[in-house]
Amino acid sequence: MSLEKFKELHHQSQPLLIANTWDAISSKAAEKAGFQVIGTSSHAIANILGLEDGEIIPFNEMFFIIEKIVKSTKLLVSADIESGYSHDPQIVATYIEQLVDIGVLGINLEDGLTKGKERTLGEISILADKIKHIKSYLKTKGKDIYINARIDTYTTKHQQPLEETLRRIKSYEEAGADGFFVPLINEDSDIKAVLQATQLPLNVFLKEGLKSFDEFAALGVHRISSGNGIHAIVTKATDKAFNSLMSDKSL
């Protein structure tokens, strides 16, 4: 399917439910379950390679896994590439072109800056510049990609998360973002304020303690992702299976 079709899926009567996957097996399972779109989970991919979340993984290793995922499924693929694996917007743009060339239709690109488990909020100009460079660079090649600008005002516990989110939405939209991902936003009034501030799609994710899919849908959210939730369930099940094997000496 085309990029236009991918964009259209963000304007359905119900939110687009994204299955976040981390390898060929999980991606095929999402396809079998009936999902339309998968989003690669940078957190899960880092974990399966023995690394912590937080942009520790080099881009070439992340790219290797994303390419395997794309080749394993007929589903549309959006890739989580954290903050781009470089501070240089032009380098980030060339990374994105590599993703476009293997069939990736969308990316999540965040303004949170991570170092291990520590996450801080980057200056607005950092992500805005990356978005501008990506869009202009791809345009010169006759290419494009859906940029879901992730805003980490709530994950970093900003003192005025809503006000800062609205400020960033304006800047990133002007830079060329196609949609916004605001993880951990949960209050009705905050979600409504974001939806009133832009015509672009809003993405949230499912997590214990946050609203349900139906509650988010009732407010008008366009896209809902599963984050690292399924991978966490699989990891616990794997731990349990090996513990049972050790204790029972049988399958």
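- Put simply, the side chain of K130 gets close to the backbone of S86: a donor and an acceptor are under 3.5 Å apart.
- No more than 12 heavy atoms of other residues, nucleotides or ligands sit less than 6.0 Å from atom CZ of F64.
- Summarising the local packing, CD1 of I25 is surrounded by 12 or fewer heavy atoms from other residues, nucleotides or ligands at distances under 6.0 Å.
- Counting heavy atoms of neighbouring residues, nucleotides and ligands inside a 6.0 Å radius, atom NZ of K143 exceeds 12 of them.
- Ring geometry, F6 versus H10: the interplanar angle exceeds 60°, so the pair is classed perpendicular (tilted spans 30 to 60°).
- Taking the charged nitrogens against the carboxylate oxygens, R167 and E164 do have a contact shorter than 4.0 Å, which makes a salt bridge.
- Residue Q98 qualifies as enclosed at atom CD: its count of foreign heavy atoms under 6.0 Å is above 12.
- For S226 (side chain) and G229 (main-chain N/O), no donor-acceptor pair under 3.5 Å exists by modelled atom type.
- Although no hydrogens or angles enter the test, the distance criterion places no donor-acceptor pair under 3.5 Å between the side chain of D80 and the main chain of S41.
- A tilted orientation is assigned to the rings of F59 and Y85, their planes being inclined by 30° to 60°.
- Between R168 and D152, no side-chain nitrogen of the basic residue sits less than 4.0 Å from a carboxylate oxygen of the acidic one, so the salt-bridge criterion is not met.
- Applying the 6.0 Å contact sphere to NZ of K28 captures no more than 12 heavy atoms from other residues, nucleotides or ligands.
- For K74, the NZ atom counts as loosely surrounded, since its 6.0 Å shell holds 12 or fewer non-hydrogen atoms of other residues, nucleotides or ligands.
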